[in-house]
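Nothing fancy with the numbering, it's 1 onward along the sequence.
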Amino acid sequence: MSANRPAAVVVLAAGEGTRMKSATPKVLHTVSGRSLVGHVVAASRELDPEHLVVVVGHAREQVQAHLSEIDPDVRTAVQHEQNGTGHAVRTALEELSQSGVAVDGTVIVVCGDTPLLTGETLRLLGDTHAADGNAVTVLSAEVPDATGYGRIVREESSGAVTAIVEHKDASVAQRAIREINSGVFAFDGRLLVDALGKVRTDNSQGEEYLTDVLGIVREAGHRVGAAVAGDHREILGINNRVQLAQARRLLNDRLLERAMLAGVTVVDPASTLIDVSVTFEQDATVHPGTQLLGTTHLATGAEVGPHSRLTDTSVGAGAVASFTVAEGARIGAGANVGPYAYLRPGTDLGPKSKAGTYVEMKNATIGEGTKVPHLSYVGDATIGEFTNIGAASVFVNYDGEAKHHTTVGSHCKTGSDNMFVAPVTIGDGAYTAAGSVITKDVPPGSLAVARGQQRNIEGWVARKRPGSAAAQAASTARQESEGER
């Protein structure tokens with residue numbers, strides 16, 4: 001933690017973002033499992049600021065509700081009319097003032113649509129600001145192509161910033177500069193409050209520009225400096241869906257690199273997506289075409305994919321989940337899931353259990369070593385240890401109005417094509433016959449047979465389907481059988 005703790009961080013998130021062409025406010029669009037403004041708030045929290053204020057405007061109720069969910073301690077300041085970045089920062093400082101907070105120290109201003117910005121870079125900005133004794137410090141970046149960006153013009157002797165020149169106003173020499181303005185700043189709080197009171201609106205937009213503060217404090221004899229971000233991509237803002245996708249790819253690459261350096265095998269990073277809240281242990285393996293979302297966790301030796309999507313799911317040590325969709329599930333150590341399994345919320349697979357091909361589970365607890373190998377639905381159920389559920393079994397949990405629970409004991413063997421009509425209990429060590437519809441409790445160690453008696457009606461096909469292929473086949477078979485006698 002840096003010793004240069006900011007007095008406040010102000011996040012600018014009031015804009016509409018019309019170029020997103022969306023009913024969703026721009027700052028609430030998500031990248032890697034977190035909203036744009038959520039990424040910025042998380043990075044800002046790494047500085048441990050005394051106060052964190054988000055300026056809201058467009059769809060403010062929606063944005064405020066989101067902020068209260070992700071960080072209840074965030075303050076919000078409402079910019080009722082979007083009159084420029086200077087006005088937005090002034091709105092935030094007035095919100096603090098009205099709460100009895102006199103800003104004394106560093107104020108860092110960030111944009112709410114820069115999800116790649118890291119706490120480390122913000123800390124560099126704050127440390128540079130303090131070390132150089134600046135009144136204002138600009139976060140800058142050196143980019144391969146500076147077209148369209150404001151250029152940072154420095155004093156040769158001291159490195160101080162003398163101006164930020166917009167591309168359209170830049171000379172040929174200035175356009176050759178590759179160091180650009182990110183729109184992120186560190187200010188001396190007291191000087192900022194004073195300078196914001198002097199910002200004019202006599203410009204083409206009739207707005208209060210935050211960048212005008214730089215000229216005001218410089219004219220007053222104070223130093224303006226810059227801190228250069230280590231990776232120019234961190235300052236990228238999001239204005240449309242193309243840039244949103246680009247940011248997602250960059251952030252995903254960053255997250256995957258971090259995982260791989262921590263000992264995770266990612267077989268094909270290009271086809272793998274993970275959220276910022278996903279966690280891993282060493283020697284986990286992620287196969288191609290896999291998405292790991294929410295609070296998913298892979299333990300040591302866990303193996304997921306190919307082509308799986310796990311959301312808020314924990315995968316135990318040595319467990320395997322292939323071609324699997326899981327949400328809100330727990331997969332125990334050494335368990336085997338898939339291919340083509342669907343684990344819905346509340347599924348809890350015990351150690352070394354199995355949910356096999358075309359198996360769907362919901363709100364089900366499966367004991368150690370128990371297998372549900374294929375073609376079955378298990379819902380609202382508890383199954384004990386080392387039980388085998390036959391193929392094509394259905395736990396009939398819904399009577400049209402309410403859900404009911406089924407309990408199957410340990411060391412049971414249930415036949416294929418069973419229906420367990422809840423509420424019903426199968427005792428430990430019990431067996432059920434194939435094709436049974438189980439509507440009553442089965443005592444421990446019993447065999448339950450719940451199916452009609454088979455009756456063969458001789459000659460039915462010849463009488464009811466004369467001349468058919470089936471009748472001809474039956475006739476041929478009968479003649480062959482008689483000839484063998």
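When all heavy atoms of Thr128 and Asn134 are compared, the closest pair comes out as O-ND2, 4.2 Å. When all heavy atoms of Leu214 and Val224 are compared, the closest pair comes out as O-CG2, 3.8 Å. Cys111 and Gly183 get closest at one heavy-atom pair: SG-O, 3.7 Å. For the residue pair Pro269 and Arg249, the shortest heavy atom distance occurs at O-NH1, 3.7 Å. When all heavy atoms are compared, the tightest approach of Gly350 to Ser353 is O-OG, 2.7 Å. A pairwise comparison of heavy atoms in Ala14 and Gln79 identifies CB-OE1, 3.4 Å as the closest pair.
Under the 3.5 Å distance criterion, with hydrogens and angles disregarded, a donor-acceptor pair is assigned to the side chains of Ser140 and Glu179. Checking His297 against Thr279 by side-chain atom types alone, a donor-acceptor pair falls below 3.5 Å. With no hydrogens or angles considered, a side-chain donor-acceptor pair links Glu303 and His287 at under 3.5 Å. Checked by atom type, the side-chain pair Arg254/Ser32 shows no donor-acceptor distance below 3.5 Å.
How far CD of Gln62 is from CG of Leu28: 5.5 Å, rounded to the nearest 0.5 Å. With values rounded to the nearest 0.5 angstrom, Arg123 atom CZ is found 7.5 Å from Asp127 atom CG. Taken from CG in Leu67 to CG in Asp73, the straight-line distance is 12.0 Å, to the nearest 0.5 Å. Between the CD atom of Glu234 and the OG1 atom of Thr121 there is a distance of 3.0 Å, given to the nearest 0.5 Å. One finds the CG atom of Leu196 at 10.5 Å from the NE2 atom of His87 (value rounded to the nearest 0.5 Å). Taking CD1 from Ile366 and CE from Met361, the interatomic distance works out to 4.0 Å, rounded to the nearest 0.5 Å.
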Carefully, step by step, assess Thr118 and Glu46 under the rule side chain to side chain contact (heavy atoms under 4.5 Å, CB included). CA-CA 9 Å; Thr118 64; Glu46 293 186 35; 5.9 Å; no
Apply the test side chain to side chain contact (heavy atoms under 4.5 Å, CB included) to residues Val184 and Ile235: give CA-CA distance (whole Å), side-chain angles for both, the deciding distance (0.1 Å), then the verdict. CA-CA 8 Å; Val184 177; Ile235 69 169; 6.0 Å; no
Check step by step if side chain to side chain contact (heavy atoms under 4.5 Å, CB included) holds for Met20 and Leu244. CA-CA 9 Å; Met20 296 297 289; Leu244 186 70; 4.2 Å; yes
Please assess Val359 against Lys354 for the test side chain to side chain contact (heavy atoms under 4.5 Å, CB included), listing each intermediate value before the final yes or no. CA-CA 10 Å; Val359 168; Lys354 180 178 180 64; over 6 Å; no
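Evaluation of the salt bridge (charged side-chain N to carboxylate O under 4.0 Å, His left out) test over residues 26-42, restricted to residues two or more places apart or in two chains, returns Lys26-Asp113. Sorted by first and then second residue, the pairs that involve residues 308-327 and meet side chain to side chain donor-acceptor pair (under 3.5 Å), not counting sequence neighbours, are Thr295-Asp312. For the side chain to side chain donor-acceptor pair (under 3.5 Å) condition, the pairs that include at least one residue of residues 329-351, sequence neighbours left out, are Arg330-Asp348, Arg344-Glu360. Applying the salt bridge (charged side-chain N to carboxylate O under 4.0 Å, His left out) definition to pairs two or more places apart or across chains, none involves residues 271-286. Applying the side chain to side chain donor-acceptor pair (under 3.5 Å) test to every pair with at least one member in residues 181-195, sequence neighbours left out, gives these pairs: Asp104-Arg190, Asp194-Lys198. Each salt bridge (charged side-chain N to carboxylate O under 4.0 Å, His left out) pair with one or both residues in residues 82-98, not counting sequence neighbours, appears once here: Arg90-Glu94, Arg90-Glu208.
Side-chain contact between Val54 and Val40 is absent, with no heavy atoms from C-beta onward closer than 4.5 Å. The shortest side-chain heavy-atom distance between Asp71 and Arg45 falls under the 4.5 Å cut-off. Put simply, the side chain of His129 reaches to within 4.5 Å of the side chain of Thr106, judged on heavy atoms. Taking the side chain as every heavy atom from C-beta outward, Val103 and His51 never approach each other to under 4.5 Å. Side-chain contact between Ile108 and Leu47 is present, with heavy atoms from C-beta onward closer than 4.5 Å. Within the 4.5 Å cutoff, the side chain of Leu236 has no heavy atoms near those of the Gln246 side chain. Between Val213 and Val89, the closest side-chain pair of non-hydrogen atoms is not below 4.5 Å. The side-chain heavy atoms of Lys362 and Asn397, taken from C-beta on, include a pair separated by under 4.5 Å.
In Glu120, the CD atom is not crowded: 12 or fewer heavy atoms of neighbouring residues, nucleotides or ligands sit closer than 6.0 Å. Summarising the local packing, CD of Glu142 is surrounded by more than 12 heavy atoms from other residues, nucleotides or ligands at distances under 6.0 Å. Heavy atoms of other residues, nucleotides or ligands lying less than 6.0 angstrom from CD of Glu156 number 12 at most.
The side-chain hydrogen bond (donor to acceptor under 3.5 Å, both in side chains) search around Arg175 returns none, not counting sequence neighbours. Every residue meeting the side-chain hydrogen bond (donor to acceptor under 3.5 Å, both in side chains) condition with Asp399, not counting sequence neighbours, appears here in chain and number order: His404. In this structure, Tyr149 has no ring pair (Phe, Tyr, Trp, His ring centres under 6.0 Å) partners at least two apart in sequence or on a different chain. In this view, His307 and Phe323 satisfy the ring pair (Phe, Tyr, Trp, His ring centres under 6.0 Å) rule, not counting sequence neighbours. With sequence neighbours left out, Phe280 forms a ring pair (Phe, Tyr, Trp, His ring centres under 6.0 Å) with no residue at all.
At least one donor-acceptor pair closer than 3.5 Å links the side chain of Thr85 to the backbone N or O of Leu210. In this structure, Ser271 contributes its side chain and Gly289 its backbone to a donor-acceptor pair below 3.5 Å. With Ser277 contributing its side chain and Gly294 its backbone, the two residues share a donor-acceptor pair below 3.5 Å. Remark: side-chain polar atoms of Thr406 are not paired, donor with acceptor, to backbone N or O of Phe395 under 3.5 angstrom. Counting only distance, with no hydrogens or angles, the side chain of Ser22 and the backbone of Thr24 share a donor-acceptor pair below 3.5 Å. Between the side chain of Arg223 and the backbone N or O of Thr137 there is no donor-acceptor pair closer than 3.5 Å.
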Please report, to 0.1 Å, the donor-acceptor pairs under 3.5 Å made by any side chain of residues 160-170, with sequence neighbours excluded.
residue	atom	partner	partner atom	Å
Thr162	OG1	Val153	O	3.1
His167	ND1	Gly148	N	3.4
His167	ND1	Arg151	NH1	3.0
His167	ND1	Arg151	NH2	3.3

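Only one option out of Ile274, Leu256, Val31 pairs with Leu251 in a side-chain contact (heavy atoms from CB on, under 4.5 Å); it is Val31.
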